[in-house]
Amino acid sequence: MMEIKLYDSKSKKIEVLKPTQEGKVSIYCCGPTVYNHAHIGNVRPMVVFDNLRRLLKAVGYDVLFVSNYTDVDDKIINEAIKESCSESEITTKYIAAYENLRLSMNAPLPDITPRVTQYMDKIIDFINKLVLNGSAYVIDGDVYFKVSSVPTYGCISNRNIQDLLVGARIEENAKKENPLDFCLWKETKVGINWDSPWSKGRPGWHTECVAMINDIFANTHVDIHGGGMDLKFPHHENEEAQAYAYCSHSLASIWMHNGMLNINNEKMSKSLNNFILGKDLVEKYGGQVVRWVMNSTHYRAPINFTDEVFTTAISELNKIYTSLKQASLKLDLINGFNSEMDSSYINKYLSCLANDLNISDGLTVLYDVIKELNSSIRVREIDAKRVSALFNSANYMLDLIGINKYTKRLSDEEKSLYYSWNEAKSNKDFAKADALRQELISKGIL
RNA sequence: GGUUCCUUAGCCAAGUUGGUAAGGCAAUUGACUGCAACUCAAUGACCGUUGGUUCAAAUCCGACAGGAACCUCCA
(Lines give C-alpha, C1' and ligand atoms only; values in the text may rest on other atoms or scores of the structure.)
Protein backbone atom coordinates (compact mmCIF):
# COMPACT_ATOMS: atom_id res chain seq x y z
CA MET A 1 0.00 0.00 0.00
CA MET A 2 1.24 3.46 -0.87
CA GLU A 3 2.71 5.35 2.06
CA ILE A 4 0.69 8.39 3.12
CA LYS A 5 2.55 11.29 4.63
CA LEU A 6 0.77 13.98 6.59
CA TYR A 7 1.86 16.99 8.57
CA ASP A 8 1.24 16.52 12.26
CA SER A 9 0.63 19.76 14.15
CA LYS A 10 1.78 18.18 17.38
CA SER A 11 5.19 16.94 16.27
CA LYS A 12 5.40 19.77 13.73
CA LYS A 13 6.76 17.34 11.19
CA ILE A 14 5.53 15.41 8.23
CA GLU A 15 4.77 11.95 9.52
CA VAL A 16 4.08 8.67 7.82
CA LEU A 17 0.56 7.55 8.58
CA LYS A 18 0.66 4.36 10.59
CA PRO A 19 -2.86 3.29 11.39
CA THR A 20 -3.47 1.54 14.68
CA GLN A 21 -5.38 -1.19 12.89
CA GLU A 22 -3.87 -2.61 9.76
CA GLY A 23 -5.66 -1.43 6.66
CA LYS A 24 -8.05 0.82 8.56
CA VAL A 25 -7.89 4.54 9.20
CA SER A 26 -10.04 6.36 11.71
CA ILE A 27 -10.63 10.07 11.31
CA TYR A 28 -12.43 12.45 13.59
CA CYS A 29 -13.04 15.95 12.40
CA CYS A 30 -14.58 18.68 14.53
CA GLY A 31 -17.88 19.59 12.95
CA PRO A 32 -19.96 22.74 13.00
CA THR A 33 -22.02 24.32 15.74
CA VAL A 34 -25.37 24.32 14.04
CA TYR A 35 -26.87 27.69 14.90
CA ASN A 36 -26.67 29.25 11.46
CA HIS A 37 -25.89 28.45 7.84
CA ALA A 38 -22.31 27.32 7.44
CA HIS A 39 -19.94 30.02 6.28
CA ILE A 40 -17.22 29.40 3.75
CA GLY A 41 -14.71 28.80 6.51
CA ASN A 42 -16.71 25.73 7.43
CA VAL A 43 -16.53 24.60 3.84
CA ARG A 44 -12.77 24.27 3.80
CA PRO A 45 -12.52 21.34 6.24
CA MET A 46 -15.35 19.64 4.35
CA VAL A 47 -13.21 19.75 1.24
CA VAL A 48 -9.84 19.05 2.85
CA PHE A 49 -10.93 16.02 4.81
CA ASP A 50 -13.03 14.72 1.96
CA ASN A 51 -9.93 14.84 -0.22
CA LEU A 52 -8.08 12.93 2.45
CA ARG A 53 -10.85 10.39 2.74
CA ARG A 54 -10.89 9.85 -1.02
CA LEU A 55 -7.14 9.43 -1.15
CA LEU A 56 -7.07 6.93 1.70
CA LYS A 57 -9.79 4.88 0.05
CA ALA A 58 -8.02 5.08 -3.29
CA VAL A 59 -4.86 3.58 -1.89
CA GLY A 60 -6.86 0.81 -0.29
CA TYR A 61 -7.69 1.82 3.27
CA ASP A 62 -10.95 1.12 4.94
CA VAL A 63 -11.84 4.57 6.29
CA LEU A 64 -14.06 5.40 9.22
CA PHE A 65 -14.79 9.10 9.06
CA VAL A 66 -16.62 10.70 11.95
CA SER A 67 -17.61 14.33 12.32
CA ASN A 68 -19.88 15.69 15.00
CA TYR A 69 -22.63 18.26 15.15
CA THR A 70 -22.46 20.52 18.15
CA ASP A 71 -26.15 20.91 18.84
CA VAL A 72 -25.87 22.20 22.39
CA ASP A 73 -24.39 25.65 22.74
CA ASP A 74 -25.13 29.19 23.91
CA LYS A 75 -25.41 30.44 20.37
CA ILE A 76 -28.05 27.83 19.62
CA ILE A 77 -29.98 28.71 22.74
CA ASN A 78 -29.85 32.40 21.87
CA GLU A 79 -31.05 31.66 18.38
CA ALA A 80 -33.92 29.60 19.73
CA ILE A 81 -34.94 32.41 22.05
CA LYS A 82 -34.71 34.89 19.20
CA GLU A 83 -36.84 32.76 16.92
CA SER A 84 -39.07 31.68 19.81
CA CYS A 85 -38.75 28.02 19.00
CA SER A 86 -37.00 25.02 20.47
CA GLU A 87 -33.30 24.38 20.19
CA SER A 88 -33.94 21.24 18.24
CA GLU A 89 -35.90 23.12 15.60
CA ILE A 90 -32.88 25.33 15.09
CA THR A 91 -30.38 22.50 14.97
CA THR A 92 -32.52 20.28 12.74
CA LYS A 93 -32.83 23.08 10.25
CA TYR A 94 -29.16 23.94 10.13
CA ILE A 95 -27.96 20.34 10.14
CA ALA A 96 -30.07 19.79 7.03
CA ALA A 97 -28.61 22.95 5.49
CA TYR A 98 -25.10 21.82 6.34
CA GLU A 99 -25.64 18.41 4.80
CA ASN A 100 -27.02 19.97 1.64
CA LEU A 101 -24.00 22.18 1.43
CA ARG A 102 -21.69 19.19 1.84
CA LEU A 103 -23.41 17.39 -0.96
CA SER A 104 -23.30 20.41 -3.23
CA MET A 105 -19.56 20.51 -2.57
CA ASN A 106 -19.39 16.88 -3.61
CA ALA A 107 -18.30 15.93 -0.10
CA PRO A 108 -20.32 12.89 0.99
CA LEU A 109 -21.60 12.83 4.54
CA PRO A 110 -19.35 11.33 7.21
CA ASP A 111 -19.87 7.70 8.16
CA ILE A 112 -21.06 8.74 11.60
CA THR A 113 -22.32 12.16 12.67
CA PRO A 114 -22.76 12.07 16.43
CA ARG A 115 -24.70 14.85 18.12
CA VAL A 116 -24.06 16.10 21.60
CA THR A 117 -27.69 15.65 22.55
CA GLN A 118 -27.46 11.95 21.72
CA TYR A 119 -24.34 11.46 23.82
CA MET A 120 -25.30 13.26 26.98
CA ASP A 121 -25.06 10.16 29.18
CA LYS A 122 -21.63 9.34 27.81
CA ILE A 123 -20.47 12.91 28.24
CA ILE A 124 -21.65 13.06 31.84
CA ASP A 125 -20.04 9.74 32.49
CA PHE A 126 -16.80 10.94 30.95
CA ILE A 127 -16.76 14.11 33.03
CA ASN A 128 -17.53 12.10 36.10
CA LYS A 129 -14.47 9.94 35.58
CA LEU A 130 -12.32 13.04 35.31
CA VAL A 131 -13.77 14.32 38.57
CA LEU A 132 -13.16 10.99 40.26
CA ASN A 133 -9.55 10.76 39.16
CA GLY A 134 -8.84 14.27 40.36
CA SER A 135 -8.25 16.04 37.07
CA ALA A 136 -11.48 17.96 37.34
CA TYR A 137 -13.19 19.68 40.25
CA VAL A 138 -16.69 20.78 41.11
CA ILE A 139 -17.59 24.26 42.31
CA ASP A 140 -21.17 25.38 42.83
CA GLY A 141 -22.59 22.98 40.27
CA ASP A 142 -19.96 23.73 37.64
CA VAL A 143 -17.17 21.34 36.72
CA TYR A 144 -13.75 22.58 35.64
CA PHE A 145 -10.83 20.77 34.19
CA LYS A 146 -7.61 21.19 36.13
CA VAL A 147 -5.03 22.12 33.52
CA SER A 148 -2.19 21.65 35.98
CA SER A 149 -3.05 17.95 36.21
CA VAL A 150 -1.65 17.41 32.73
CA PRO A 151 2.09 18.04 32.45
CA THR A 152 2.00 18.05 28.66
CA TYR A 153 -0.56 20.84 28.46
CA GLY A 154 0.34 23.06 25.48
CA CYS A 155 1.83 20.33 23.32
CA ILE A 156 -0.61 20.73 20.44
CA SER A 157 -0.48 24.48 20.15
CA ASN A 158 3.12 24.79 21.28
CA ARG A 159 2.48 26.93 24.29
CA ASN A 160 3.51 26.70 27.88
CA ILE A 161 1.43 27.45 30.89
CA GLN A 162 3.64 30.37 31.90
CA ASP A 163 3.17 32.20 28.61
CA LEU A 164 -0.50 31.49 28.61
CA LEU A 165 -0.89 32.91 32.08
CA VAL A 166 0.91 36.09 31.09
CA GLY A 167 -1.30 36.50 28.07
CA ALA A 168 -4.50 35.48 29.77
CA ARG A 169 -7.23 38.02 30.02
CA ILE A 170 -8.48 39.12 33.38
CA GLU A 171 -10.79 36.32 34.35
CA GLU A 172 -14.13 37.45 35.69
CA ASN A 173 -14.85 33.97 36.88
CA ALA A 174 -13.15 33.93 40.25
CA LYS A 175 -14.42 30.45 41.02
CA LYS A 176 -11.79 28.69 38.95
CA GLU A 177 -8.62 27.59 40.66
CA ASN A 178 -6.57 28.66 37.68
CA PRO A 179 -7.51 31.07 34.86
CA LEU A 180 -6.54 28.42 32.31
CA ASP A 181 -8.90 25.82 33.71
CA PHE A 182 -11.84 25.29 31.44
CA CYS A 183 -15.43 24.37 31.94
CA LEU A 184 -16.59 20.79 31.46
CA TRP A 185 -20.06 21.21 32.87
CA LYS A 186 -21.93 24.41 33.40
CA GLU A 187 -24.97 24.94 35.54
CA THR A 188 -27.59 26.79 33.58
CA LYS A 189 -31.05 28.14 34.07
CA VAL A 190 -31.59 29.43 30.56
CA GLY A 191 -32.32 27.12 27.67
CA ILE A 192 -32.17 23.38 27.34
CA ASN A 193 -30.44 21.50 30.14
CA TRP A 194 -29.82 18.02 31.51
CA ASP A 195 -29.64 16.47 34.93
CA SER A 196 -26.20 15.57 36.16
CA PRO A 197 -24.57 14.65 39.47
CA TRP A 198 -23.50 18.31 39.82
CA SER A 199 -26.41 20.43 38.61
CA LYS A 200 -28.96 20.92 35.91
CA GLY A 201 -26.87 22.20 33.09
CA ARG A 202 -25.00 21.41 29.92
CA PRO A 203 -21.53 20.34 28.90
CA GLY A 204 -18.73 22.67 27.94
CA TRP A 205 -17.72 22.63 24.31
CA HIS A 206 -14.27 21.11 24.81
CA THR A 207 -15.45 17.92 26.37
CA GLU A 208 -17.97 16.63 23.83
CA CYS A 209 -15.49 15.57 21.16
CA VAL A 210 -13.33 13.56 23.54
CA ALA A 211 -16.32 11.90 25.11
CA MET A 212 -17.67 10.93 21.71
CA ILE A 213 -14.32 9.71 20.48
CA ASN A 214 -14.04 7.71 23.67
CA ASP A 215 -17.33 6.05 22.92
CA ILE A 216 -17.08 5.56 19.17
CA PHE A 217 -13.44 4.57 18.75
CA ALA A 218 -11.58 1.89 20.60
CA ASN A 219 -9.11 3.01 23.23
CA THR A 220 -10.02 6.74 23.11
CA HIS A 221 -7.86 7.20 20.07
CA VAL A 222 -8.14 8.10 16.41
CA ASP A 223 -5.49 7.91 13.73
CA ILE A 224 -6.23 11.40 12.50
CA HIS A 225 -7.92 14.23 14.29
CA GLY A 226 -8.71 17.24 12.18
CA GLY A 227 -10.19 20.68 12.15
CA GLY A 228 -9.48 24.30 11.40
CA MET A 229 -6.24 25.92 12.48
CA ASP A 230 -8.18 28.09 14.91
CA LEU A 231 -9.23 25.02 16.84
CA LYS A 232 -5.66 24.20 17.84
CA PHE A 233 -6.01 26.39 20.84
CA PRO A 234 -7.85 26.07 23.04
CA HIS A 235 -10.18 23.42 21.67
CA HIS A 236 -7.79 20.70 20.58
CA GLU A 237 -5.35 21.46 23.34
CA ASN A 238 -8.14 20.92 25.81
CA GLU A 239 -9.31 17.76 24.13
CA GLU A 240 -5.81 16.36 24.26
CA ALA A 241 -5.48 17.30 27.91
CA GLN A 242 -8.68 15.47 28.77
CA ALA A 243 -7.54 12.41 26.88
CA TYR A 244 -4.29 12.39 28.83
CA ALA A 245 -6.12 12.82 32.06
CA TYR A 246 -8.53 10.08 31.14
CA CYS A 247 -6.30 7.40 29.67
CA SER A 248 -2.72 8.71 29.77
CA HIS A 249 -2.19 8.77 26.04
CA SER A 250 -2.67 11.08 23.12
CA LEU A 251 -6.07 11.39 21.51
CA ALA A 252 -4.71 11.14 18.00
CA SER A 253 -1.67 9.91 16.10
CA ILE A 254 -1.81 12.83 13.71
CA TRP A 255 -3.35 16.23 14.33
CA MET A 256 -4.27 17.92 11.09
CA HIS A 257 -5.29 21.54 10.77
CA ASN A 258 -6.49 23.31 7.68
CA GLY A 259 -5.61 26.94 7.05
CA MET A 260 -7.98 29.85 7.32
CA LEU A 261 -9.78 31.74 4.68
CA ASN A 262 -9.52 35.44 3.92
CA ILE A 263 -11.69 37.69 1.82
CA ASN A 264 -9.74 40.25 -0.16
CA ASN A 265 -6.83 39.82 2.23
CA GLU A 266 -8.90 40.39 5.30
CA LYS A 267 -9.97 37.91 7.88
CA MET A 268 -13.56 36.95 7.41
CA SER A 269 -15.55 38.33 10.28
CA LYS A 270 -18.94 39.65 11.11
CA SER A 271 -17.58 42.99 12.24
CA LEU A 272 -15.87 43.56 8.89
CA ASN A 273 -19.12 42.61 7.21
CA ASN A 274 -17.33 40.29 4.80
CA PHE A 275 -18.99 37.18 6.05
CA ILE A 276 -19.81 34.80 3.21
CA LEU A 277 -22.15 31.87 3.62
CA GLY A 278 -21.23 28.66 1.88
CA LYS A 279 -24.62 28.35 0.24
CA ASP A 280 -24.38 31.83 -1.25
CA LEU A 281 -21.00 31.17 -2.76
CA VAL A 282 -22.16 27.85 -4.15
CA GLU A 283 -25.20 29.56 -5.60
CA LYS A 284 -23.00 32.12 -7.29
CA TYR A 285 -20.29 29.88 -8.72
CA GLY A 286 -21.38 26.30 -8.22
CA GLY A 287 -19.84 23.81 -5.83
CA GLN A 288 -17.34 22.59 -8.39
CA VAL A 289 -15.75 25.98 -8.88
CA VAL A 290 -15.64 26.63 -5.16
CA ARG A 291 -14.04 23.27 -4.61
CA TRP A 292 -11.54 23.87 -7.38
CA VAL A 293 -10.51 27.13 -5.74
CA MET A 294 -10.11 25.40 -2.38
CA ASN A 295 -8.08 22.65 -4.00
CA SER A 296 -5.75 25.10 -5.67
CA THR A 297 -3.99 26.12 -2.47
CA HIS A 298 -2.29 23.72 -0.10
CA TYR A 299 -4.64 22.86 2.73
CA ARG A 300 -2.39 24.25 5.44
CA ALA A 301 -1.92 27.63 3.79
CA PRO A 302 -4.46 30.41 4.04
CA ILE A 303 -6.62 31.03 0.99
CA ASN A 304 -7.45 34.52 -0.09
CA PHE A 305 -10.77 34.75 -1.88
CA THR A 306 -10.94 37.35 -4.59
CA ASP A 307 -13.08 37.55 -7.71
CA GLU A 308 -10.00 36.80 -9.74
CA VAL A 309 -9.34 33.38 -8.23
CA PHE A 310 -12.85 32.35 -9.18
CA THR A 311 -12.48 33.65 -12.71
CA THR A 312 -9.27 31.68 -13.01
CA ALA A 313 -10.92 28.57 -11.62
CA ILE A 314 -13.71 28.83 -14.19
CA SER A 315 -11.17 29.08 -17.02
CA GLU A 316 -9.21 26.12 -15.76
CA LEU A 317 -12.25 23.91 -15.33
CA ASN A 318 -13.52 24.91 -18.76
CA LYS A 319 -10.27 23.93 -20.33
CA ILE A 320 -10.30 20.52 -18.68
CA TYR A 321 -13.92 19.77 -19.45
CA THR A 322 -13.57 20.96 -23.03
CA SER A 323 -10.81 18.50 -23.49
CA LEU A 324 -12.76 15.67 -21.88
CA LYS A 325 -15.86 16.51 -23.84
CA GLN A 326 -14.02 16.39 -27.15
CA ALA A 327 -12.24 13.19 -26.27
CA SER A 328 -15.51 11.66 -25.17
CA LEU A 329 -17.14 12.70 -28.43
CA LYS A 330 -14.41 11.14 -30.52
CA LEU A 331 -14.52 7.95 -28.52
CA ASP A 332 -18.27 7.82 -28.52
CA LEU A 333 -18.46 8.01 -32.30
CA ILE A 334 -16.35 4.89 -32.67
CA ASN A 335 -17.46 3.14 -29.48
CA GLY A 336 -13.88 3.40 -28.36
CA PHE A 337 -14.34 3.48 -24.59
CA ASN A 338 -12.60 0.95 -22.42
CA SER A 339 -11.82 0.92 -18.73
CA GLU A 340 -8.03 1.17 -18.88
CA MET A 341 -6.03 3.89 -17.20
CA ASP A 342 -2.46 5.05 -17.60
CA SER A 343 -0.90 3.67 -14.45
CA SER A 344 2.22 5.76 -14.79
CA TYR A 345 0.27 9.01 -14.67
CA ILE A 346 -1.99 7.69 -11.94
CA ASN A 347 0.86 6.59 -9.72
CA LYS A 348 2.62 9.87 -10.15
CA TYR A 349 -0.58 11.69 -9.25
CA LEU A 350 -1.23 9.53 -6.21
CA SER A 351 2.27 10.02 -4.92
CA CYS A 352 1.79 13.79 -5.11
CA LEU A 353 -1.40 13.57 -3.09
CA ALA A 354 0.19 11.11 -0.69
CA ASN A 355 2.77 13.74 0.12
CA ASP A 356 0.68 15.71 2.59
CA LEU A 357 -2.09 16.24 0.04
CA ASN A 358 -0.02 18.26 -2.38
CA ILE A 359 -2.77 18.80 -4.91
CA SER A 360 -0.96 21.58 -6.73
CA ASP A 361 1.78 19.16 -7.52
CA GLY A 362 -0.78 16.59 -8.57
CA LEU A 363 -2.47 19.02 -10.92
CA THR A 364 0.70 19.26 -12.98
CA VAL A 365 0.18 15.58 -13.73
CA LEU A 366 -3.44 16.18 -14.61
CA TYR A 367 -2.43 18.97 -16.99
CA ASP A 368 0.09 16.64 -18.58
CA VAL A 369 -2.68 14.15 -19.20
CA ILE A 370 -4.95 16.85 -20.61
CA LYS A 371 -2.21 18.07 -22.90
CA GLU A 372 -1.51 14.63 -24.24
CA LEU A 373 -5.21 14.00 -24.59
CA ASN A 374 -5.67 17.18 -26.62
CA SER A 375 -2.87 16.23 -28.96
CA SER A 376 -4.03 12.67 -29.33
CA ILE A 377 -7.55 13.60 -30.43
CA ARG A 378 -6.45 16.04 -33.10
CA VAL A 379 -5.25 13.37 -35.45
CA ARG A 380 -7.35 12.00 -38.30
CA GLU A 381 -7.69 8.54 -36.80
CA ILE A 382 -7.45 8.46 -33.05
CA ASP A 383 -5.79 5.69 -31.10
CA ALA A 384 -8.90 4.75 -29.17
CA LYS A 385 -7.07 2.67 -26.62
CA ARG A 386 -4.71 5.50 -25.75
CA VAL A 387 -7.34 8.22 -25.82
CA SER A 388 -9.60 6.18 -23.63
CA ALA A 389 -6.83 5.51 -21.14
CA LEU A 390 -6.04 9.21 -20.95
CA PHE A 391 -9.69 10.12 -20.67
CA ASN A 392 -10.28 7.63 -17.88
CA SER A 393 -7.15 8.72 -16.08
CA ALA A 394 -8.15 12.37 -16.12
CA ASN A 395 -11.61 11.50 -14.88
CA TYR A 396 -10.16 9.41 -12.09
CA MET A 397 -7.84 12.22 -11.04
CA LEU A 398 -10.68 14.70 -10.92
CA ASP A 399 -12.77 12.35 -8.85
CA LEU A 400 -9.98 11.93 -6.32
CA ILE A 401 -10.20 15.61 -5.48
CA GLY A 402 -13.96 15.72 -5.56
CA ILE A 403 -14.40 17.23 -9.00
CA ASN A 404 -17.06 15.62 -11.18
CA LYS A 405 -16.08 13.18 -13.86
CA TYR A 406 -17.20 13.84 -17.39
CA THR A 407 -19.76 11.14 -18.04
CA LYS A 408 -22.03 12.37 -20.82
CA ARG A 409 -22.52 9.97 -23.74
CA LEU A 410 -24.12 10.79 -27.06
CA SER A 411 -27.44 9.41 -28.18
CA ASP A 412 -27.76 8.05 -31.71
CA GLU A 413 -29.67 11.16 -32.62
CA GLU A 414 -26.85 13.35 -31.39
CA LYS A 415 -24.31 11.32 -33.26
CA SER A 416 -26.18 11.71 -36.53
CA LEU A 417 -26.42 15.44 -35.89
CA TYR A 418 -22.67 15.50 -35.56
CA TYR A 419 -22.25 13.54 -38.80
CA SER A 420 -24.57 15.94 -40.61
CA TRP A 421 -22.41 18.83 -39.51
CA ASN A 422 -19.30 17.14 -40.86
CA GLU A 423 -21.08 16.37 -44.08
CA ALA A 424 -22.24 19.95 -44.54
CA LYS A 425 -18.69 21.11 -43.96
CA SER A 426 -17.23 18.78 -46.53
CA ASN A 427 -19.92 19.90 -48.99
CA LYS A 428 -18.86 23.47 -48.26
CA ASP A 429 -22.43 24.28 -47.32
CA PHE A 430 -21.31 26.67 -44.62
CA ALA A 431 -24.69 28.17 -43.89
CA LYS A 432 -26.02 24.76 -43.02
CA ALA A 433 -22.83 23.80 -41.23
CA ASP A 434 -22.98 26.90 -39.04
CA ALA A 435 -26.58 26.21 -38.17
CA LEU A 436 -25.76 22.64 -37.24
CA ARG A 437 -22.75 23.75 -35.29
CA GLN A 438 -24.92 26.13 -33.34
CA GLU A 439 -27.31 23.34 -32.56
CA LEU A 440 -24.49 21.05 -31.45
CA ILE A 441 -23.15 23.77 -29.20
CA SER A 442 -26.53 24.51 -27.67
CA LYS A 443 -26.95 20.82 -26.94
CA GLY A 444 -23.60 20.79 -25.20
CA ILE A 445 -22.11 18.34 -27.66
CA LEU A 446 -19.39 20.65 -28.93
C1' G B 1 3.56 41.24 26.03
C1' G B 2 3.70 35.75 24.55
C1' U B 3 3.39 31.86 20.51
C1' U B 4 3.34 30.56 15.47
C1' C B 5 3.34 31.41 10.26
C1' C B 6 3.90 33.89 5.58
C1' U B 7 6.62 37.14 1.52
C1' U B 8 8.42 32.94 -5.44
C1' A B 9 6.88 36.39 -12.66
C1' G B 10 0.43 40.84 -13.85
C1' C B 11 -2.62 37.01 -10.89
C1' C B 12 -2.95 31.91 -8.46
C1' A B 13 0.77 28.57 -7.02
C1' A B 14 4.54 24.00 -6.11
C1' G B 15 9.27 23.50 -4.49
C1' U B 16 10.87 16.32 1.76
C1' U B 17 16.72 16.06 3.22
C1' G B 18 20.85 23.04 0.05
C1' G B 19 23.18 22.00 -6.27
C1' U B 20 21.34 28.21 -10.07
C1' A B 21 13.23 27.73 -10.08
C1' A B 22 6.86 22.71 -11.47
C1' G B 23 2.27 23.93 -13.20
C1' G B 24 -2.02 26.94 -14.23
C1' C B 25 -4.66 31.72 -15.47
C1' A B 26 -4.00 36.21 -18.11
C1' A B 27 -0.98 38.56 -22.14
C1' U B 28 1.90 38.66 -26.87
C1' U B 29 3.46 36.02 -31.32
C1' G B 30 3.04 31.92 -34.57
C1' A B 31 0.64 27.19 -36.42
C1' C B 32 -4.04 24.84 -37.39
C1' U B 33 -9.19 26.42 -39.27
C1' G B 34 -14.23 28.02 -44.66
C1' C B 35 -14.92 31.72 -40.51
C1' A B 36 -14.85 30.94 -35.40
C1' A B 37 -14.19 28.19 -31.09
C1' C B 38 -11.00 24.49 -29.29
C1' U B 39 -6.01 22.91 -29.47
C1' C B 40 -0.66 23.01 -30.12
C1' A B 41 4.12 25.79 -30.01
C1' A B 42 7.08 29.90 -28.44
C1' U B 43 7.89 34.15 -25.13
C1' G B 44 8.55 35.78 -18.96
C1' A B 45 11.39 35.43 -12.01
C1' C B 46 18.08 39.46 -9.60
C1' C B 47 12.71 33.50 -5.36
C1' G B 48 10.74 40.76 0.27
C1' U B 49 15.73 43.50 1.63
C1' U B 50 20.39 42.62 3.79
C1' G B 51 24.49 40.06 6.25
C1' G B 52 26.49 35.00 7.29
C1' U B 53 27.58 29.45 6.77
C1' U B 54 28.94 26.59 2.20
C1' C B 55 32.50 24.70 -3.53
C1' A B 56 27.07 25.65 -3.95
C1' A B 57 20.97 28.60 -0.78
C1' A B 58 14.35 30.23 -2.82
C1' U B 59 15.81 26.16 0.43
C1' C B 60 20.15 26.58 6.63
C1' C B 61 21.40 30.81 10.50
C1' G B 62 20.97 36.24 11.91
C1' A B 63 19.02 41.20 11.20
C1' C B 64 15.54 44.41 8.92
C1' A B 65 10.87 45.62 6.19
C1' G B 66 5.92 44.29 5.16
C1' G B 67 1.67 40.97 6.04
C1' A B 68 -1.27 37.24 8.77
C1' A B 69 -3.12 33.99 12.64
C1' C B 70 -3.65 32.43 17.70
C1' C B 71 -3.36 33.75 23.08
C1' U B 72 -11.53 35.02 24.03
C1' C B 73 -16.52 31.99 20.72
C1' C B 74 -14.74 30.60 15.84
C1' A B 75 -13.42 25.94 10.51
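On a predicted model such as this, the values are computed, not experimentally measured, just so you know. Each chain gets a letter, A, B and so on, in the order its sequence line appears, and its residues count up from 1.
On a pure distance criterion of 3.5 Å, no polar donor-acceptor pair joins the side chain of A:N304 and the base of B:rG67.
Taking atom CD1 of A:I314 as the reference point, atom C1' of B:rA26 lies 14 Å away to the nearest angstrom. One interatomic measurement links the two molecules: CG of A:D368 to P of B:rG24, which rounds to 8 Å at whole-angstrom precision. Nucleotide B:rG67 holds its C1' atom 10 Å from the CG atom of A:N262, rounded to whole Å. Taking atom CD1 of residue A:I14 and atom P of nucleotide B:rU16, one finds them 8 Å apart after rounding to whole Å. When rounded to the nearest whole Å, the span between CD of A:Q326 and P of B:rA36 equals 17 Å. Rounded to an integer number of Å, the gap from A:I370 CD1 to B:rA22 P is 22 Å. Spacing between atom CG of A:N374 and atom P of B:rA37 amounts to 16 Å, rounded to whole angstrom units. In this structure, NE2 of A:H235 is placed 9 Å from P of B:rA75, rounded to the nearest angstrom.
Nearest-nucleotide mapping onto RNA chain B: of A:S375 and A:V309, the residue sitting toward the 5' end is A:V309. Nearest-nucleotide assignment on RNA chain B puts the 5′-proximal partner with A:K5, out of A:G31 and A:K5.
Under the salt bridge (charged side-chain N to carboxylate O under 4.0 Å, His left out) criterion, the residue pairs touching residues 31-52 of chain A are A:D50-A:R54, A:D50-A:R291, with sequence neighbours excluded. Screening residues 96-115 of chain A for salt bridge (charged side-chain N to carboxylate O under 4.0 Å, His left out), with sequence neighbours left out, gives A:R53-A:D111. The salt bridge (charged side-chain N to carboxylate O under 4.0 Å, His left out) analysis of residues 230-242 of chain A, with sequence neighbours excluded, yields the pairs A:K10-A:E240. Sorted by first and then second residue, the salt bridge (charged side-chain N to carboxylate O under 4.0 Å, His left out) pairs involving residues 307-325 of chain A (not counting sequence neighbours) form an empty list. Within the structure, every pair that satisfies the side chain to side chain donor-acceptor pair (under 3.5 Å) test and touches residues 358-381 of chain A, not counting sequence neighbours, is listed here: A:S323-A:N374, A:Y345-A:E372, A:E372-A:R386.
Comparing B:rC35, B:rC25, B:rA75 by their closest approach to the side chain of A:R437 singles out B:rC35. Picking from B:rA75, B:rC70, B:rC25 the nucleotide with the shortest atom distance to the side chain of A:E316 gives B:rC25. Side-chain proximity of A:K319 to B:rC11, B:rC40, B:rC70: nearest is B:rC40. With B:rG2, B:rG34, B:rA75 as the choices, the nucleotide that has an atom nearest any side-chain atom of A:P45 turns out to be B:rA75. Among B:rC73, B:rG24, B:rG2, the nucleotide with an atom closest to any side-chain atom of A:Y367 is B:rG24.
Taking atom C1' in both B:rU8 and B:rU20, the straight-line distance is 15 Å, to the nearest Å. Nucleotides B:rA13 and B:rA58 are separated by 14 Å at their C1' atoms, to the nearest Å. Separation of the P atoms belonging to B:rC61 and B:rU53 is 16 Å when rounded to the nearest angstrom. Between the P atoms of B:rU17 and B:rG1, the separation comes to 32 Å (whole Å). B:rC35 and B:rG48 are spaced 49 Å apart, taking the C1' atom of each and rounding to whole Å. One P atom belongs to B:rC47, the other to B:rC55, and the distance between them is 22 Å to the nearest Å. Annotation: B:rC11 and B:rG52 have their C1' atoms spaced 34 Å apart (nearest Å). Taking atom C1' in both B:rG18 and B:rU54, the straight-line distance is 9 Å, to the nearest Å.
In this structure, the ring pair (Phe, Tyr, Trp, His ring centres under 6.0 Å) partners of A:Y418, at least two apart in sequence or on a different chain, are A:W421. Under the side-chain contact (heavy atoms from CB on, under 4.5 Å) criterion, A:P19 pairs with A:L17, A:V25, A:Y61, A:D223, not counting sequence neighbours. The side-chain contact (heavy atoms from CB on, under 4.5 Å) check on A:N100 picks up nothing, with sequence neighbours excluded. For A:K12, the salt bridge (charged side-chain N to carboxylate O under 4.0 Å, His left out) criterion is met by no residue, not counting sequence neighbours.
If you check every strand for non-hydrogen atoms under 4.0 Å, A:L261 touches a base. At a threshold of 4.0 angstrom between heavy atoms, the contacts of A:D434 include nucleobase atoms, whether or not backbone atoms are also involved. Here A:R44 lies out of heavy-atom contact (under 4.0 Å) with every strand. Looking at heavy-atom distances under 4.0 Å, A:G41 makes contact with a base.
Across all strands shown, B:rU17 forms no Watson-Crick or G-U wobble pair with both distances under 3.5 Å. Partner assigned to B:rA63 is B:rU49, using Watson-Crick or G-U wobble distances below 3.5 angstrom. Both distances falling under 3.5 Å, in either a Watson-Crick or a G-U wobble arrangement, occur for no nucleotide opposite B:rG44. The nucleotide B:rA9 finds no pairing partner, because no Watson-Crick or G-U wobble arrangement with both distances shorter than 3.5 Å includes it. Nucleotide B:rA58 has no partner under the Watson-Crick or G-U criteria, as no pair reaches both atom distances under 3.5 Å. Remark: B:rC70 base-pairs with B:rG2. Criterion, Watson-Crick or G-U wobble with two distances under 3.5 Å.
A salt bridge is absent between A:D434 and A:K425; no separation between the charged side-chain nitrogens and carboxylate oxygens falls under 4.0 Å.
In this model, the phosphate group of B:rU3 is not approached by any side-chain N or O of A:N158 to a distance below 4.0 Å at OP1 or OP2. Residue A:K371 has a polar side-chain atom (N or O) positioned under 4.0 Å from OP1 or OP2 of B:rG24.
Proximity of the aromatic rings of A:F145 and A:Y137 is defined here by a centroid distance below 6.0 angstrom, and this criterion is not met. A centroid separation of less than 6.0 Å is found between the aromatic rings of A:F337 and A:F391.
Remark: A:N358, A:S360, A:D361, A:T364 in residues 356-365 of chain A come within less than 4.0 Å of RNA chain B through at least one heavy atom. Listed by residue number, the members of residues 415-429 of chain A with any heavy atom below 4.0 angstrom from RNA chain B are A:K425. Residues of residues 291-303 of chain A having a heavy atom closer than 4.0 Å to RNA chain B, listed by number: A:S296, A:T297, A:H298.
We find that the ring of A:F430 and the base of B:rG34 stack, their centres lying under 5.5 angstrom apart and their planes tilted less than 30°.
Counting non-hydrogen atoms of other residues, nucleotides and ligands closer than 6.0 Å to NZ of A:K408 gives a total above 12.
A:W255 and A:H225 have parallel rings, their planes meeting at less than 30° on a 0 to 90° scale where 60° marks the start of perpendicular. Between A:Y153 and A:F182, the ring planes are parallel. Angles under 30° get that label, and only those over 60° would be called perpendicular.
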